[in-house]
Amino acid sequence: MKIKEMQLRKLLSQFHLTEFETEVLIATASIEEGKTLTYKELAERIGRPNSYRAVGNALGRNPLAPEIPCHRVIKSSGELGGYSGKGGNRKKKRLLRSENAI
DNA sequence: CCCGATTCCCCGC
DNA sequence: GCGGGGAATCGGG
């Protein structure tokens, strides 16, 4: 557990987020650079192996799009998935390429 | 009840 | 691997 996580959780609490969404966002923020996780892997990480859909929901509501590395979360098929932040999937791909994650 | 930044399975080419 | 079709599963409003 990183100290950053606590700060992030507090920051997220400023929004009207639920526990679940907070967990998902934190788990996403904890992804190391150059790494990518699938929605399912992320779901498993928060203890809900089958909530991949709900995970997508949480990321879609991601209030800190540019701050949280939601671009490191892709589909299990290898596709990008989506990106609600500015630039959309276009920027998502660019970011991943910049990080050498793909 | 309905929706969605999903996933997995089946079939055939 | 790719296309078409369908079902399962989860939280939020």
Side-chain angles (χ1 to χ4, degrees):
Chain A
M1 294 293 185
K2 303 153 186 113
I3 180 79
K4 248 192 157 182
E5 214 169 272
M6 204 169 77
Q7 289 290 305
L8 181 56
R9 187 173 188 122
K10 186 165 186 172
L11 180 60
L12 290 172
S13 68
Q14 288 171 115
F15 302 86
H16 303 172
L17 304 177
T18 62
E19 281 292 327
F20 181 75
E21 294 184 311
T22 305
E23 296 295 317
V24 174
L25 294 175
I26 289 177
T28 305
S30 65
I31 302 177
E32 300 165 64
E33 197 207 276
K35 287 225 167 179
T36 54
L37 280 183
T38 66
Y39 293 97
K40 192 176 183 186
E41 294 288 327
L42 187 55
E44 288 181 1
R45 196 169 185 178
I46 63 175
R48 306 247 184 333
N50 295 330
S51 62
Y52 32 76
R53 280 281 205 112
V55 169
N57 256 336
L59 288 178
R61 300 175 54 120
N62 179 8
L64 302 172
E67 194 144 350
I68 292 186
C70 49
H71 58 269
R72 293 186 188 145
V73 187
I74 59 178
K75 291 204 204 179
S76 50
S77 51
E79 296 301 305
L80 291 186
Y83 187 65
S84 57
K86 182 168 164 58
N89 67 327
R90 166 144 167 62
K91 183 153 193 175
K92 181 170 183 175
K93 183 175 181 181
R94 195 173 77 78
L95 285 170
L96 288 173
R97 205 164 75 85
S98 292
E99 297 179 356
N100 196 27
I102 57 176

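Sequence lines set the chain letters: A, B, ... in the order given, protein chains first and strands last, and positions in each chain run from 1. In this text the structure is predicted, and so the values were computed from the model without any measurement.
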note: A:E41, atom CD; B:dC8, atom P; distance rounded to Å ~ 9 Å
Measure the distance from NE2 on A:H71 to C1' on B:dA5 and round it to the nearest whole Å.
14 Å
Given B:dA5, B:dT7, C:dG11, which nucleotide is nearest the side-chain atoms of A:Y52?
B:dT7
Of the options B:dG4, C:dG11, B:dT7, whose atoms approach the side-chain atoms of A:S76 most closely?
B:dT7
Just how far is it from atom CZ of A:R61 to atom OG1 of A:T18, taken to the nearest 0.5 Å?
7.0 Å
Report the distance from atom CG of A:L42 to atom P of B:dT7, rounded to the nearest whole Å.
11 Å
Using a 3.5 Å limit for the pairing distances, which stems of at least 3 consecutive Watson-Crick or G-U wobble pairs does DNA chain B take part in?
B:1-4 with C:10-13, B:6-13 with C:1-8
Interatomic distance where CD belongs to A:E19 and C1' belongs to C:dC10 [whole Å]
16 Å
Figure out the CZ/C1' separation between A:R48 and B:dT7, and round it to whole Å.
18 Å
Distance col, row A:K4:NZ vs A:S30:OG, nearest 0.5 angstrom, shows 13.0 Å
Mind calculating the distance between CD (A:E79) and C1' (B:dC8) to the nearest angstrom?
16 Å
Side chain of A:R53, heavy atoms from C-beta onward: which of B:dA5, C:dT9, B:dT7 has the nearest atom to it?
C:dT9
Could you tell me the separation between the OG1 atom of A:T36 and the CG atom of A:L80, rounded to the nearest 0.5 Å?
10.5 Å
By salt bridge (charged side-chain N to carboxylate O under 4.0 Å, His left out), which residues pair with A:E19, not counting sequence neighbours?
A:R9
Among the candidates B:dA5, C:dG13, C:dT9, find the nucleotide nearest to the side-chain atoms of A:N50.
C:dT9
Presence of A:K40 side-chain N/O under 4.0 Å of C:dT9 phosphate oxygens OP1/OP2:
no
It should be established whether A:S84 places a side-chain nitrogen or oxygen under 4.0 Å from OP1 or OP2 of nucleotide B:dA5.
no
Length of the OH-C1' vector between A:Y39 and C:dA8, whole Å
19 Å
Using whole Å, report how far CD of A:E23 lies from C1' of C:dC10.
15 Å
Give, for atom CG of A:L12 and atom CD of A:E21, the distance between the pair rounded to the nearest 0.5 Å.
9.5 Å
Nearest to side-chain heavy atoms of A:S51, which nucleotide of C:dG12, B:dA5, C:dC10:
C:dC10
Is any side-chain heavy atom of A:N62 less than 4.5 Å from a side-chain heavy atom of A:T28?
no
Nearest-0.5 Å distance, CZ of residue A:R45 to CD1 of residue A:I31:
6.5 Å
